[in-house]
Amino acid sequence: MKVLSAFGRVAAVAALAMACGLAACGTPPEAAHPAPPTDAATPLPATAAPAAPTPSPAQSAQQNPPPTGGNRTATVVMNGDLLWHNTLVFDAQRAATNRPATVAATPSQRPSASPSSTQDVRPNGTGLDFLPLLEGIRPVVEAADLAICHNEVPVAKPDGPYSYYPAFRAPQETLDAVKAVGYDLCTTASNHSLDDGWTGLVRTLDAMDARGIAHAGTARTADEAEGPRTFTTAGGVVIAVVTGTYDTNGIPRPKDKAWSVPDLDADTLLRRAKLARESGADIVLVAIHGGDEYASQPNSQQRKLAERLTASADVDLVYGHHVHVVQPWTKVHGKWVIYGLGNLVAQHKSDVPRGYEGVTARFTFRELADGRFEVARAEFIPTLVTGSRSGSPARLYLINQAIAGGKGDQQRLKVALQRTRTVVHSLGGTEDLIES
């Protein structure tokens, strides 16, 4: 059972300037309903979560004391992109509308016929409920000692406006659902990190803090950028997450805040991994946001990074997201590398069916006699998010469980399962990988 764990950041060396350049974005969703304009959008009122102060490095260090030794284990779960396309927001509005009311709605709270209604539809003051979408992943997430999501896009102000492809501003209620299903930490470095500028970046981290969701990637201060992002499990295992992105879609980082969005410079990633290890991390994970969109095989940058990173004693595992499709798993220098987890939730065009498929990674680490940790069990869990259609909201399935239970479109699930299996094993080195 999961219990509350501490999340620490420790200040360190001065920030390193990051490079950025032009790059592609994700494709727009196939709209099941008329989509609002990209830059204005669907201002559905919501209730703002109270702001929470960011702990200082010293405070965080006190909250995260070094654990004692012993035969410890830790199970870590990682998913692919959370990409909040407009049809998912429409689904969330309908879910909130249909949820049993505890009090009668006033005329101003009753929904209109339009999916882009600006009226409030929930008695508690919020008009969106993303929890039904994410419920499918709850059993896996709740059972982990550390569950990591990838929060791909910034969140909007509590009352919107929201926007979608190519520049996202997602509802803050997405984070409520992320927290509710049991995620502990989310990576935030992506090509969409600056979709809503510096203000949106800060707003997103503040919103995550207010909900008790730890984060690794983007930063509000130089100290936050350089300090190790660590999470301590209930069993006292300290796990660090180092991450970076290949680009910010050509949006420059703020002139005096080059540290705000980390890049994929190998030397920088290795320096931060070393700092995390020296600061007490038992396990160091590196998350790469990069690769060629919709390509089922890693590109040269991904391969070179995997080679450099896994050669270091300071890195225990490398995994990736961004390409929106599943990519291979393998071992490099004896360490696991997951090139791409695909999407967890997204709504790409129907001619990109692989964009609805993903894979969840679950690794169980065990402590060795010398205090180091190794992977004792590696599992991949194929997932499928269905397309949102009128009268049929998107839902997330654990594919093997859904097939065994006769749930969902069995043929579609089987196609996704076979494709995921083929890609995951395509580079070899996966003889001890377990499908769950």
Asp292 side chain to Asn299 side chain, donor-acceptor N/O pair below 3.5 angstrom: yes
Side chain to side chain contact (heavy atoms under 4.5 Å, CB included) evaluation trace for Val323 with Tyr294: CA-CA 5 Å; Val323 302; Tyr294 313 115; over 6 Å; no
salt_bridge(Arg220, Asp209) N-O dist < 4.0 Å: yes
Salt bridge flag under 4.0 Å for residues Glu379 and Arg377: yes
Spacing of OH belonging to Tyr397 relative to CD1 belonging to Ile403, to within rounding of 0.5 Å: 12.0 Å
Distance-only polar pair, side chains of Asp91 and Ser388, donor-acceptor under 3.5 Å: yes
Thr360 versus Asn79, side-chain donor and acceptor atoms under 3.5 Å: yes
Heavy-atom closest pair, residues Ser260 and Trp198: CB-CZ3, 3.8 Å
Interatomic distance, Leu396 atom CG to Glu135 atom CD [nearest 0.5 angstrom]: 10.5 Å
Aromatic ring proximity, centroids under 6.0 angstrom, Tyr162 and Trp84: no
Minimal non-hydrogen separation, Gln302 against Gly291, with atom names: OE1-CA, 3.3 Å
Centroid separation Tyr246 to His322 less than 6.0 Å: yes
Rounded distance (nearest 0.5 Å) linking atom CG of Asp195 with atom CZ of Arg169: 9.0 Å
Nearest-0.5 Å distance that lies between atom CH2 in Trp329 and atom CG in Leu433: 5.5 Å
Residue pair His321 / Asn343, side-chain donor-acceptor N/O under 3.5 Å: no
Exam field: side chain Thr204 to backbone Pro154, donor-acceptor pair closer than 3.5 Å: no
Donor-acceptor contact present, side-chain Arg72 to main-chain Gly235, <3.5 Å: no
Side-chain donor-acceptor contact under 3.5 Å, Ser296 with Arg354: yes
Lys331/Glu431 salt bridge by N-O under 4.0 Å criterion: no
Short side-chain to backbone donor-acceptor contact, Arg272 and Arg229, under 3.5 Å: no
Distance flag, aromatic centroids of His192 and Phe168, threshold under 6.0 Å: yes
Residues Asp316 and Lys335 bridged, charged N to O under 4.0 Å: no
Test item: Asn191 side-chain N/O and Thr248 main-chain N/O as donor-acceptor pair under 3.5 Å: no
Polar contact flag, side-chain donor to acceptor under 3.5 angstrom, Thr383-Glu357: no
Contact summary for Val141 and Gly182, nearest pair of heavy atoms: CG1-C, 3.3 Å
Check: Lys414 main-chain N/O paired with Gln418 side-chain donor or acceptor under 3.5 Å: no
Sidechain N-carboxylate O distance under 4.0 Å for Arg203, Asp196: yes
Val238 versus Gly280, closest heavy-atom pair with distance: CB-O, 3.6 Å
Distance-minimising heavy-atom pair for Ser436 and Asn400: O-ND2, 3.0 Å
Distance, nearest 0.5 Å, that separates CG of Leu82 from CG of Leu133: 9.0 Å
Mutual orientation of the aromatic rings belonging to Phe363 and Trp336 [parallel < 30°, tilted 30-60°, perpendicular > 60°]: tilted
Side chain to side chain contact (heavy atoms under 4.5 Å, CB included) between Tyr183 and Ile213, intermediate numbers included: CA-CA 7 Å; Tyr183 284 101; Ile213 304 170; 5.6 Å; no
Donor-acceptor under 3.5 Å (Arg395 side chain, Leu134 main chain): no
Donor-acceptor pair, side chain of Asp129 and main chain of Ala92, under 3.5 angstrom: no
Sidechain-backbone polar pair: Tyr319 side chain, Val337 backbone, donor-acceptor under 3.5 Å: no
Straight-line distance of Leu398 CG to Leu413 CG, nearest 0.5 Å: 10.5 Å
Expected output: side-chain Thr232 to main-chain Gly236 donor-acceptor under 3.5 Å: no
Donor-acceptor pair between His324 and Asp81 side chains, under 3.5 angstrom: yes
Residues Thr188, His215; criterion side chain to side chain donor-acceptor pair (under 3.5 Å); working and verdict: CA-CA 7 Å; Thr188 57; His215 42 84; 5.5 Å; no
Heavy atoms from other residues, nucleotides or ligands near NZ of Lys257 exceed 12 (cutoff 6.0 Å): yes
Pair Val424-Val326, side chain to side chain contact (heavy atoms under 4.5 Å, CB included): steps then yes or no: CA-CA 7 Å; Val424 164; Val326 175; 3.9 Å; yes
CA sep, side-chain torsions, deciding dist, call: Glu307, Val332, side chain to side chain contact (heavy atoms under 4.5 Å, CB included): CA-CA 7 Å; Glu307 182 72 25; Val332 181; 3.6 Å; yes
Intermediate values then yes/no, side chain to side chain donor-acceptor pair (under 3.5 Å), Ser193 and Thr218: CA-CA 7 Å; Ser193 292; Thr218 52; 5.5 Å; no
Geometric class of the His150/His289 ring pair [parallel <30°, tilted 30-60°, perpendicular >60°]: tilted
Sidechain-backbone polar pair: Asn249 side chain, Ile251 backbone, donor-acceptor under 3.5 Å: no
